[in-house]
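The structure appears right after this line, and notes come after that.
Nothing here was measured: the structure is a model prediction, and the numbers come from that model.
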Amino acid sequence: RDSSSYRLHPPPFLSFARRWRNAKLLLATCGRKARDLMLVWMMLALARSFVPLRTVWMSRRGPPRLPRTASDLRARSEPRLPKRKVALLLGYSGKKYWGFQLQNNDDYPTIESEMIKALASSGVVSERNTEKLHKCGWSRSARTDKGVSAARHVVTVKLELAEDEGMDVAVARLNEALPADIRVFDAVRVTKGFEAKKSCDRRRYTYLLPECMLASPAEAFELFQKYGVVEDFAGLRRSIVESKMRGGETHTPSLWRISSDETRRALAEEFAAYRADSATVEALKRILRQYVGTRNYHNFTAKMKADSDAAKRYVLSFDVEGDVVHFGGGGNPRWLRLTVVGQSFMLHQIRKMVAVAAEAARTHRAADDVKAKAIVDGLCRRDDDVPLQLVPGDGLYLGEPIFHTYNQYKSDDAIDRPKLLWDEDHPKFHTIEAFRSDVVERTILKDGSPEALLPFVDHLWQVTVFGFQLSPDDPIPECNLDAADLLRLSRPFDYDANDDGNNGGGEKTRTNEPPEVTMEDDGG
């Protein structure tokens, strides 16, 4: 170094000598307590004097990395395999799982937790990298709720494979470690910047709707009366109102739910034989088509403000796809396959969209396109909050995530980055479709058994009791109000003290009308 560098940054030994000389001079002139403090100061000065030397050493060689755990010791002794970023295509039946995303509690198994276990046990990802998912580049294209299945789902992960091991080897090892209701179909090399969540620009969902959900309110109520679900329907509603006003349960399920399992099964047998007419199915399609485009869906989810930009969602298509789904004999239920494609969906959005469409069709309120559009427009207005029912989640499954932009601009077969597209020309197409029909849909339909209709029977009875508001102007039964609104409706009226008594034999006039009720409860 030249002399200028010494003036700017003196070497550590010069800095320490200077501080030591100053410390000795101070110790000679201080008392006992001061000397103790000065000794502490000298130790700190000694540590600070070697900071420049340590900084130079760390900048050249890097900080020392010492193994801290047993897994780190094993990792140092094992040879490292090259990482390959791939997109895994998988399918699963979500009936016994608490959704896709990993939960903090191990008592709630999820699809993601099973995948992480399989990645580590199969050896395609080292155990130290599965402890923190960002180390293995983990990313999911969608999240499914509790009980929801997926025919096709894509996740991103960095696999650690030897050079002579292909993707088919990794798929086979993963399937050996996974349970039978979760299958990996394919592993595709992707670009370095690919992430399943950010690169997915569309998602296709399918909802299997039984035709009995299109039964008219009169037909459904007749069946409920036939099996003696309730003898006094008006009395049931009054008891729900009284229970809420006494401070009971908000939705009083013990009062209105069908408690007898035998009655529920008998009703499911009856509803299984129901067949919707073509006019009702056309009305259903008419409502579904009104969802296409960008709309404000704040009423179709939970805890979403109407002025939030997150409430705006873009739907590309929504229609009844293909023929009816029917397993078994003529007395088994028939199902309609509703398919929706959109950029993204909020919590409960699809289930509420299907519920609105089914209710409008069965009540004949979507006789033409004008009426159908008026229903959807009214529910998507920012100024109106409408509590909507939602259909059971049993019929919903993820059809597939779509990577349109990636396939068009990023994929390249010349460098082994093929398109993320598994169409009819793909060699694994038939295997994927077989899993969708034989595992996902058969699990939802329970092989055509009327038992699959039990949650839908409960939904029809719930709508019968509490009603379904398809417009902000629709009347709604008092039993669907919460306790606060019921108490405001039942409070005594004030009387005009200046009344002269000439109103009908001396009766006093009510001066204030009942307050306008704000609907906040979603009715069961």
About how many Å separate [atom2] of [Y] and [atom1] of [X], when rounded to the nearest 0.5 Å?
X: Leu454; Y: Asp458; atom1: CG; atom2: CG; result: 7.0 Å
X: Leu223; Y: Leu460; atom1: CG; atom2: CG; result: 9.5 Å
X: Asp181; Y: Lys96; atom1: CG; atom2: NZ; result: 4.5 Å
X: Asp277; Y: Glu211; atom1: CG; atom2: CD; result: 9.5 Å
X: Cys200; Y: Glu400; atom1: SG; atom2: CD; result: 9.5 Å
X: Met213; Y: Phe271; atom1: CE; atom2: CZ; result: 10.0 Å

Any heavy-atom pair between the side chains of [Y] and [X] that's under 4.5 Å?
X: Phe403; Y: Val190; value: no
X: Val356; Y: Ile375; value: yes
X: Met304; Y: Tyr297; value: no
X: Arg140; Y: Lys197; value: no
X: Val188; Y: Met167; value: no
X: Thr363; Y: Leu470; value: yes
X: Lys95; Y: Asp394; value: yes
X: Val465; Y: Val230; value: no

Please check this pair: side chain of [X] against backbone of [Y], looking for a donor-acceptor N/O pair closer than 3.5 Å.
X: Arg337; Y: Gly322; result: no
X: Ser113; Y: Thr110; result: yes
X: Asp201; Y: Thr405; result: yes
X: Trp138; Y: Thr130; result: no
X: Ser141; Y: Val154; result: yes
X: Arg351; Y: Val391; result: yes
X: His153; Y: Arg143; result: no
X: Thr301; Y: Leu347; result: yes
X: Asn299; Y: Val386; result: yes
X: Lys85; Y: Lys192; result: yes

Open item on the list: Once you measure the plane-to-plane angle for His426 and Trp422, does it fall in the parallel (<30°), tilted (30-60°) or perpendicular (>60°) bin?
Closed with: tilted
Would you say [atom1] of [X] has more than 12 non-hydrogen atoms from neighbouring residues, nucleotides or ligands within 6.0 angstrom?
X: Lys312; atom1: NZ; value: no
X: Glu424; atom1: CD; value: no
X: Gln101; atom1: CD; value: yes
X: Lys428; atom1: NZ; value: yes
X: Asp106; atom1: CG; value: no
X: Phe429; atom1: CZ; value: yes

For residues [X] and [Y], is any side-chain donor paired with an opposing acceptor at under 3.5 Å?
X: Ser344; Y: Arg203; value: no
X: Tyr92; Y: Thr144; value: yes
X: Tyr227; Y: Glu270; value: yes
X: Gln389; Y: Gln462; value: yes

Heavy-atom pair of closest approach, residues [X] and [Y]:
X: Asp416; Y: Arg189; answer: O-CB, 3.4 Å
X: Glu114; Y: Leu178; answer: O-CD2, 3.7 Å
X: Ala150; Y: Phe435; answer: O-CE2, 4.1 Å

Open item on the list: I'd like to know whether Asp474 forms a salt bridge (charged side-chain N to carboxylate O under 4.0 Å, His left out) with Arg365, so could you lay out the CA-CA distance, the side-chain angles of the two residues, the decisive distance to 0.1 Å, and finally the verdict.
Closed with: CA-CA 12 Å; Asp474 283 355; Arg365 294 184 59 176; 2.8 Å; yes
Open item on the list: Arg295 vs Asp377, test: salt bridge (charged side-chain N to carboxylate O under 4.0 Å, His left out). Steps then yes/no.
Closed with: CA-CA 9 Å; Arg295 288 184 175 273; Asp377 288 346; 2.7 Å; yes
TODO: Show your reasoning for whether salt bridge (charged side-chain N to carboxylate O under 4.0 Å, His left out) applies to Lys285 and Asp319.
DONE: CA-CA 6 Å; Lys285 295 179 180 179; Asp319 207 346; 5.3 Å; no
TODO: Could you tell me if the ring centre of Phe224 sits under 6.0 Å from that of Phe233?
DONE: no
Task: Steps toward salt bridge (charged side-chain N to carboxylate O under 4.0 Å, His left out) verdict (Arg152, Glu433) - done: CA-CA 9 Å; Arg152 302 183 186 188; Glu433 287 299 297; 3.2 Å; yes
